[in-house]
Structure formats: structure tokens, C-alpha cells
Enquirer: 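The structure is given below, and queries will be raised subsequently.
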Amino acid sequence: MRSSAELAITVQKSSIIAMDTRYNFRENEEKWQKAWDQHAIYETKENKPKYYVLEMLPYPSGRLHMGHVRNYTIGDVIARYKHACGYSVLHPMGWDAFGLPAENAAIKNNVHPKTWTLENIQHMKQEIKSLGISYDWKREIATCSPEYYGQEQKIFLDFLKAGIAYRKESFVNWDPIEGSVLANEQVIDGKGWRSGALIEQRKLSQWFFKITDFAPELLDDLAHLGNWPVQVKTMQKNWIGRSTGVRIRFSFLENEEGLETFSTQPGTLFGATFLGISPDHPFVEKLATSLPALQTFMAECRARGTSQKDIDTAEKKGFNTGLTLQHPFLKDKVLPLYVANFVLMDYGTGVIFGCPAHDERDYEFAEKYKLPILPVVEGPEEVSLPYEGEGTLINSDFLDGLSVKEANEEVIRRLVEKKIGVRETNYKLRDWGVSRQRYWGCPIPIIHCPICGIVPVPENQLPVKLPDDVSFDQPGNPLDNHPTWKHVNCPKCGEAAVRETDTFDTFVDSSWYFIRYCAPNFPQPIDKEKSEFWLPVDQYIGGIEHAILHLLYARFFTKALAKCGYWTISEPFKNLLTQGMVCHETYRDEAGAWVYPHEIEKRDGQFFKITDGTPIKVGRSEKMSKSKSNAIPANKMVEEYGADTLRLFMLSDSPPERDIEWTDAGIEGSWRYLNKVWRLVSSHVSMIKAIKLADVPLEFTDNAIELRKCTHKTIFHVSEDIERFHLNRYIARLREFTNAIEDFSPREPSELWALHEALHALVLLMAPAVPHLAETLWAALGHEMFVYEASWPKPDPDLLREESIKLAIQVNGKLRGTIEISPDLSEENVKNLVLDLPFVKAQVQDKIVKKFIYIPGRIANVVL
RNA sequence: GCCCGCUUGGUGGAAUGGUAGACACAACAGACUUAAAAUCUGUCGAUCGAAAGGUCGUGCCAGUUCGAGUCUGGCAGCGGGCACCA
């Protein structure tokens, strides 16, 4: 507990504010941040009902950008509000500290990734602290610290035991000039971003997590995430992509062997005119050994990046194997087998039957290779091919006349009967490849022994630490090139062996950090008791760009950890808010180069470069980014306007889930509003201080009642707005309320009391958004405790009631006027009243009133 | 290419299927000031009208409804994601 004497001194000091004409944010923000720290008010307590507010942990790029500020401000409003409502709040912050940019910086600027990262963290932490967010820094996590990643290695070993982690071959982007693996981001138009070399797909043996085992759960549990945005759930649903169909075996004419296809539209089987097989199919690899032309074709298919976009937008290419397969139902029909680059090995069986008349991709392919196109579904009206809609089967033997759905069922029934088909459920979701051929990541705790094979590092030897003495002078992974680090003795047989030199995908780090916050120093990865107290996260807030991958991986981890016996939680995030981006106009100089906003000036409505006065072309508003030079540095804004102004601006104008446009005018407006509130409160302090809120007057004047109604309505609406994340409306209501108080001039004691009540409420209500100013004004009003510790105000229901309401009157759905009525009037009374109105009579004239619609409190509609 | 969104005044936005434009920003006019800044007051979707008031208006086209910014179908433009950026 803090001593009240100590605080009283602070209060004394801050009451001098009335002397100045402008709010001194520099002095006050620094003072309160220090005081909060000293009294450790943001340290997590566990004595009340819990509420876990979480913002996505940032990558320590070095600078705090506006997207971060927006994210943390939204979170802070919720955290402070929930705290005021009487919850024990967990509100932590940390660093997603592994990843590519550190290595890029190492190569470009010859700085060690660790040094670069730790310095960035230092710097960004100061910037975040200057925002006055209510974080419990005692729980801070950096994923690059051995304390964190060592526990992650432990989790991996558990996954390995549980059969969730396994090894298989898969493709990477190989840059033949650099001699290293590239991220999709580093492949531009099929070429390496640094070398410009044509990228080829290369097969490597890598570690995978069996997320597909959890596909049904990940899909079905979406239904329980009631407070997730629907579009996020839809995206995840489509990503997991459950589909039911049939696996059909086709036999070769030439020999006994066959190939299995998967189809979700087996009803179109009679329209099949070819079979397509993936170039990565084992059968093709076998076939290619004796077919040099096929080898060339396969190499062609692999001369591109691994991203889905590259695959989908690549030109459709095929190779006729010359082999033919028998149609399952038509004795006389044979289908040629093409190796086709659009058939994916990862989905289904890697073989399809092509029905060009009713599939877009098959159609394109058939056109190109002059394959027959046979329609088997007739649409309700004349349709152009390919036609993928509903219809009736034709040219299809025993399926003729059936609907597509019936045909699917019937053909499956017959295939199963003939024992050449099995009903099958498939998922688009693929297993999660977690191996990265990079240095700056969590080492995978595995030893490869020539005798024992794959041997897990014993738990008591964890963490497997990253060596610091690495060089980026050679191509490839520095861990792989390290002279000593990877050479160890096998823990099993003691013979010479090598460490796994791949590190984890950084998505692994961010898949469980929110669990670690619950007990950041626990000697095991997860403290069951603490995490089951705090989890699931009550409110998760972050960018919409994470809608699929990060959120799906974190959900998977939660379920996988449950399978390993860590706990019984099945979903990590109860509520999710996906915030929009912060955008800004873009500027280019005459040469077309991007120019920063601070490098330009405005004269007569035109923009010019400050340095040389050349004109600037203004482009459309885009997401703030380094590459477009349109980012406004957060720290500069904090210096110029203070944290509260910046926070206020981030909350005003746009609702959280929408993009927000950065404007200088907007930040100015927020600054003006803060000063207005500061002047309003400070100018009344001496007048109302004598009036104690505890001494409620027995009677109020009409004036006082009017203000009190406004106060309590504002309390009601603000609470509702925050609960619903209508944070821009929350700010709008504060402004409205402020305007109402400004217009109020008290003339007698009950009015002074009402004014005191209003100002008291205003400060409490604004505290989650602008905590520094709120503390300053709270102290000025004579309080000795922090406003952070004050309870959220409750509206008086008596003051929320309306004696008369405005009712809109429509005739035939068109607004004709409004009337004031008592809300208790019966429909019959309202009807008589409305039909008697002159402006209604003028419309009705001698027509008959067909219908009278009355929605109490909303509208009355006379239908003629 | 595939999946998911978004589109309302000069601008950001508000509106449980029920008075479109709350609250702001910008602009303009005025007050205060020697002046400027700051602050305060007023006007502010388009159009017709002296006014009262009318008509039109939420990206485009159609539909459902007594009533559509809101629901349904189609189209356009812009954005997010696409499995190795985080």
C-alpha cells in the first residue's frame, strides 16, 4: 500500500495547474509514469475475478510505429476499464524477437543479430513506456532468450513423444547463386531478391507438426468462438477446407497397376476426358527415370517459387505420359494420363480425373492440349462452359436425369459396391513445416547420429543455446557452417554425431507466448495452475493480417499441449478484436522516389520538398510502411503532443476494426480537446471543491437535473461503447459531454453539486483513454488515490428514464414529421394522435388507411 | 488465380431493418486582440424556393419489405491473407 501522505504531496504540486493556460503534458506525463512505477500499480494481482487482455507481441524492428500505438492503446482502454470494473487484470508485453530481419541487418550492416535485436528491444521498450500503457513489465518475455526458447525446446520434445512432430521431405525456395534457402518474401517474380537468380524448388528433409490431426477439432471448435469476427472464422474454415468426396482407383490398360484419384464431384465422372497427376507424385518420379523428356518437364515445373500464388497463377502446363487408364464404368473409354503442374501433391491423392466441361482449371488445360470437352451437367438455362453450378446429369449412363448432388451419391454408392472407391473426407490444411535453414531462431533440440538415427537432446541438457560466434560471410545457414557447435557426441551411444542445424519457424515462438506470460519464470514450460487461472485470454487484440496463420497455429498449440497433458484448455482466445491499419498519404518527388512527410512543406495547396523546393506528387493513402516512406514516427508525436494526445487520436474517428487515416489536423484536434478539458476542470476546481459529493442535496433545480441526466446517460453509453469496442463513439460521447458541461453555468448549490458530479464522472470516464491527464485532473479535484484505483461509475437508473420521446411519423414509409409523446401511450392513443396530425391528414386526404405500424420509441408509419 | 473484407458530405466517421450525416476535421463568416496565435459564436450533402417547405441522396444494377446505409443476388473499385515477412 502506498502512504496517503506521499500522494498528498503529489496532489499539492499538481494543483498549481490553474496558473498556466495550456496543459503541460511533458511535466505531467513524466510525473505520473514515475509515480505509477514507484507504486507498482500495474503489477498483476490475483485476488479478484480475472480478466486477461492481450495485444499481439511486436517484432522488435527498432521503431515503434503507429500500428503498434493503435494496438496498445485499444488494449490499454480495455485493461484500465476492466480494472476499474473490479477485475484482476493481466496485461503483459513482450517481444517476438527471432526472425529474418535481424539476419538481413546482420548481412547488410555487419551487426550481430543478437546485438541488433537487444538494442531494438531496449529502444522500443522506452518508446512503449512513454505511452503510459498499463503493462506489467515484470512479466516481459523475449522469445530470443534461452529461458524462453529452452522451454519451447521442451515442448518440441513432448510433441515428438506424442507423435505431433515428425520429419518429411518438402520443397524450399533455393537460390543457386546465394547457395541458400529463401523465404517466399525474398522471391520476387521467381527470382532471388539479392542475387536475381532464377529460383528453383529443392527438396529437403524437414520437421513438421501434425496440425492435420487436429483439423476436425480446429474446424468444429470455431463454433464456440462466439466473439470472434465472423470473417476470421470464415477464413479459418476455408483454410482448413473440409470436403467430402471419394477416392477412386483407376487401372492402367497397359498393366496391373493403377492410380488413385480424389474427387468431391464424382457425379461428373462420365465427363472425365483425362487424368492429371502432380509432377511431385512418386509415380511420376519413378516414370521419369526412364524418360528424359519428363525429367526436363519436371525441372520446368520446379523452376518457380513455392508460394500458392506462384502455383495458381503459373501457366498451366502438361506432359502426355502416353499411358492410358480405364474409365471405371465405361468399358470402351480410356483416359490419357498427363503430368499437370496445377495438380497439387499436398491435396487429395495428387491425381485427379479432369472433367473440362465442369471445372475451370480442367477446362483451361483441355483447351490447351486439345482434349475433348464433354458436358454432363445441364444447367437450368443455356450456360457457357465450363459450368460449375447446379443442374441435371446428361450423357452419363445410369446418372442421367439426376441432380448433381444425387449423382455424387449414386456414383459413390456404385464405386463402393464395385470396391474401386472409398468415401473420404479431405482437408486443404497441410501439416505445418517448422524447419528453417537459418541462424536467428530457436534451435531444434535434435542430434543426428549415424548409428542411432534421430536422437532427441536429453531434457537435462536443455536449452540448446545458439552460439554467438557466427559469421554471415559464407552462403547458407551459419549454424551449419559453424566449426564446432554442431559436432557433439550422441547422447545414446556416445559416438560422434551432429546437431540439427535448422531452427524453428518464428510462428512457433508466438504460438504459446501468451501462456508463458501466466508464469514467465516457471521451471517448466507451463504452470498448469496459473495458466488455467488466467486462460483463455479474455480479449485478444491485433492486426487482421494474422487472421489465419498465427491464430490457427496458436489454437493448434493449445490443443496439442492439452494432448501432451499440460492442461485441459482447448481454445486460447475467447474474444478477438482485429484492428485496422494506420494509413497515410504517400509522396513522391519528380524522380518518382518516395519522400517522407516530414521532408515536405505545403505552399498554396501544393507540396514541395523542403531541401530543394521541387514539387511533390501526392499519392493515395496506404498502410504506413518503411518501403513507401509514409510512416510517422510514434516517438516524435509523443515528444510534440504527448502520449495522451496521440492515444486520443488513435481512438477517435475510426472504429478499431477499420483502417485509420493519419492526419496532422486530426492530432491537432485531439490536442485542442485535451486542453479544453484541462481548462474546463481547472477553471471550476476552486468553485466546486467546497461541495462534497457525499452531501447529496435534497432538491435539485431543473437545470441541475438536466445536467445530471446528461452525466448519467453519458456514463451509461460510455460503458456500453467500451464493452462493444465502439471506441470512436466513446470519445465522441466524451466530447459531447464536455460540450454540455461547458454550456452549464451553475447559480446555486445543487447546481454546483451537479457540476462537481459531472466533472468527477468526466475524469473517471476519460481515464482509460488519456490516463495522464485524468490523473492530473483527478488530483486537482482533491483525490488522494490514483484514478487508476478508482471504481468505474454506475449510472442512476432514475436519471436514465425519459418523460417524453420524439417519435418519427411516416406516411407510406416516407418521413413527414416528428412529434413529442409520452413513452407510455398505448398504440391506440398514438394512432388517434398521429391520424389527427395536419401533415398526416394532408397526405391521407380521402384515401383509406390500410395499415398502421407503430414501433414504440422508434416510428409510426401510416400505410395508404 | 483462390479465400475474406471494405465502399455514407470537401475529409474521418455516426446510425438494434425505423428521423441518414452524431462527434470531429477542413472551409467560410463573425467576436476577442494593435496584430498574430489561442479561444469563443455561427454556417456547412445536392438541388428548387423569398420563406414555409419540397425533391434527390449511403460505389453501380436488380430484388425482399409498410420501410433498406443496414438483408439477398449480380457488377465495379480498393484492401487483407495465401502456408519460409511478422
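Naming convention: chains lettered A, B, ... in sequence-line order (proteins, then strands); numbering from 1 in each chain. All values reported here derive from a predicted model rather than from experimental measurement.
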Enquirer: Got a donor-acceptor pair under 3.5 Å from the side chain of Gln231(A) to the base of rC3(B)?
Expert: no

Enquirer: Which residue lies toward the 5' end of RNA chain B, Leu182(A) or Ile859(A), if each is placed at its nearest nucleotide?
Expert: Ile859(A)

Enquirer: Which glycosidic conformation, syn or anti, is assigned to rG69(B) if syn requires a torsion within 90° of zero?
Expert: anti

Enquirer: Base, sugar-phosphate, or nothing: which does Lys316(A) touch, judged by heavy atoms less than 4.0 Å apart?
Expert: nothing

Enquirer: For rA27(B), which nucleotide in any strand shown is its Watson-Crick or wobble partner with both distances under 3.5 Å?
Expert: rU43(B)

Enquirer: rA86(B) and rG81(B): how far apart are their C1' atoms, nearest whole angstrom?
Expert: 13 Å

Enquirer: Tell me what Ser435(A) touches on the nucleic acid: a base, only sugar-phosphate, or nothing, going by heavy atoms under 4.0 Å.
Expert: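 Since a base atom lies under 4.0 Å of Ser435(A), the category is base.
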
Enquirer: Hey, does the side-chain of Glu668(A) have a donor or acceptor N/O within less than 3.5 Å of a partner on the base of rC25(B)?
Expert: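 Flag unset: no donor-acceptor pair detected.
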
Enquirer: Could you please name the option among rG67(B), rG81(B), rU7(B) that lies closest to any side-chain atom of Asn861(A)?
Expert: rG67(B)

Enquirer: Which of the following nucleotides, rC66(B), rA83(B), rU39(B), is nearest to the side chain of Arg679(A)?
Expert: rU39(B)

Enquirer: Is there a donor N/O on one and an acceptor N/O on the other, under 3.5 Å, for the side chain of Arg858(A) and the base of rU16(B)?
Expert: yes

Enquirer: Report yes if a side-chain nitrogen or oxygen of Arg438(A) is closer than 4.0 Å to either non-bridging phosphate oxygen (OP1 or OP2) of rC84(B); otherwise report no.
Expert: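 No, no such contact exists.
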
Enquirer: For rC23(B) and Asn739(A) - does any side-chain N or O of the residue sit under 4.0 Å from the phosphate oxygens OP1/OP2?
Expert: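 So the side-chain polar atoms of Asn739(A) never come under 4.0 Å of the phosphate oxygens OP1 or OP2 of rC23(B).
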
Enquirer: Using atom C1' in both nucleotides, what's the gap between rG21(B) and rA29(B) to the nearest angstrom?
Expert: 23 Å

Enquirer: Taking rU39(B) as the reference, what is the distance to rC4(B) when you measure between their P atoms (whole Å, please)?
Expert: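 Each nucleotide's P atom is 48 Å from the other's.
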
Enquirer: Side chain of Asn184(A) only, please: which of rC23(B), rG12(B), rC84(B) is the nearest?
Expert: rC84(B)

Enquirer: Report which part of the nucleic acid Val862(A) touches: base, sugar-phosphate, or nothing (heavy-atom distance under 4.0 Å, all strands).
Expert: nothing

Enquirer: Just name whichever nucleotide pairs with rU7(B), Watson-Crick or G-U, keeping both distances under 3.5 Å, else none.
Expert: rA76(B)

Enquirer: Would you say rC56(B) has OP1 or OP2 under 4.0 Å from some side-chain N or O of Lys814(A)?
Expert: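 Indeed, a polar side-chain atom of Lys814(A) lies that close.
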
Enquirer: Side chain of Gln308(A), heavy atoms from C-beta onward: which of rC84(B), rC85(B), rG1(B) has the nearest atom to it?
Expert: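 Per side-chain heavy atoms of Gln308(A), the pick is rG1(B).
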
Enquirer: Could you tell me which nucleotide pairs with rU16(B) by Watson-Crick or G-U wobble geometry, both distances under 3.5 Å, or answer none if nothing does?
Expert: none

Enquirer: Of the options rC82(B), rA38(B), rA22(B), whose atoms approach the side-chain atoms of Ala732(A) most closely?
Expert: rA22(B)

Enquirer: Roughly how many Å apart are rG67(B) and rG13(B), using the C1' atom of each and rounding to a whole number?
Expert: 25 Å

Enquirer: Any donor and acceptor pair, going by atom type alone, linking the side chain of Asn812(A) with main-chain N or O of Leu864(A) inside 3.5 Å?
Expert: yes

Enquirer: When the P atoms of rA46(B) and rU41(B) are considered, how many whole Å apart are they?
Expert: 24 Å

Enquirer: Base, sugar-phosphate or nothing for Arg672(A)? Non-hydrogen atoms, less than 4.0 Å.
Expert: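 Sugar-phosphate contact only.
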
Enquirer: Do Thr645(A) and Tyr673(A) have side chains that approach each other closer than 4.5 Å (heavy atoms only, starting at C-beta)?
Expert: no

Enquirer: Under 4.0 Å, heavy atoms only, any strand: does Ala665(A) hit a base, just the sugar-phosphate, or nothing?
Expert: sugar-phosphate

Enquirer: Which listed nucleotide (rC3(B), rA15(B), rA86(B)) is nearest to the side chain of Asn238(A)?
Expert: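 Out of rC3(B), rA15(B), rA86(B), the nucleotide with an atom closest to Asn238(A)'s side chain is rC3(B).
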
Enquirer: Report yes or no: does Asp505(A) contribute a side-chain atom to a donor-acceptor pair with the main-chain N or O of Val508(A) at less than 3.5 Å?
Expert: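 Absent.
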
Enquirer: Is the shortest side-chain N/O distance from Ser307(A) to OP1 or OP2 of rC82(B) below 4.0 Å?
Expert: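 No, Ser307(A) has no side-chain N/O under 4.0 Å of OP1/OP2 on rC82(B).
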
Enquirer: Whether Asn728(A) contacts rA14(B) is assessed here as follows: a side-chain N or O lying under 4.0 Å from the phosphate OP1 or OP2. Is that the case?
Expert: yes

Enquirer: Please name the nucleotide paired to rC84(B) by Watson-Crick or G-U wobble geometry with both distances under 3.5 Å, or report none.
Expert: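 Looking at the geometry, rC84(B) pairs with no nucleotide.
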
Enquirer: Check whether any side-chain heavy atom of Asp664(A) sits under 4.5 Å from a side-chain heavy atom of Glu668(A), and report yes or no.
Expert: no

Enquirer: Between rU47(B) and rG57(B), how far apart are the two P atoms, rounded to whole Å?
Expert: 15 Å

Enquirer: If you compare every side-chain N and O of Thr818(A) against the phosphate oxygens of rU19(B) (OP1, OP2), does one of them come in below 4.0 Å?
Expert: no

Enquirer: Whether the side chain of Glu360(A) and the base of rG1(B) hold a donor-acceptor pair under 3.5 Å is what I'd like checked.
Expert: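 Flag unset: no donor-acceptor pair detected.
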
Enquirer: What's Glu736(A) touching, base or sugar-phosphate or nothing? Going by heavy atoms closer than 4.0 Å.
Expert: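 Here Glu736(A) touches the backbone only, sparing every base.
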
Enquirer: Assess the pair Tyr148(A) and Tyr513(A): is the distance between their ring centroids shorter than 6.0 Å?
Expert: no

Enquirer: Test of understanding: with salt bridge (charged side-chain N to carboxylate O under 4.0 Å, His left out), list the residues that count as partners of Lys210(A), not counting sequence neighbours.
Expert: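 With neighbours one apart ignored, the set is Asp431(A).
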
Enquirer: rU7(B) phosphate, OP1 or OP2: any side-chain N/O from Arg658(A) under 4.0 angstrom?
Expert: yes

Enquirer: Measuring only the P atom in each nucleotide, how far is rA20(B) from rA27(B)? A whole number of Å is fine.
Expert: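 Result for the P pair: 30 Å, nearest Å.
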
Enquirer: Please determine, for rC71(B), whether a Watson-Crick or G-U wobble partner exists with both distances under 3.5 Å, and give it or none.
Expert: rG63(B)

Enquirer: According to the Watson-Crick and G-U wobble definitions, with both distances under 3.5 Å, which nucleotide is paired to rA37(B)?
Expert: none

Enquirer: Is the charged tip of Lys316(A) near the ring of Phe365(A): under 6.0 Å from the six-membered ring centre and within 45° of its axis?
Expert: no

Enquirer: Could you give the distance separating rA22(B) and rA15(B) at their C1' atoms, to the nearest angstrom?
Expert: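 Per the computed distance, 8 Å lies between those C1' atoms.
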
Enquirer: Test your reading of the model: is there a side-chain donor-acceptor pair from Asn120(A) to the backbone of Pro60(A), 3.5 Å cut-off?
Expert: yes

Enquirer: Any donor and acceptor pair, going by atom type alone, linking the side chain of Asp502(A) with main-chain N or O of Pro443(A) inside 3.5 Å?
Expert: no

Enquirer: Within less than 4.0 Å of OP1 or OP2 of rC84(B), is there a side-chain N or O belonging to Arg436(A)?
Expert: yes

Enquirer: Nearest to the side chain of Asn173(A), heavy atoms from C-beta on, is which of rA24(B), rC66(B), rC84(B)?
Expert: rC84(B)

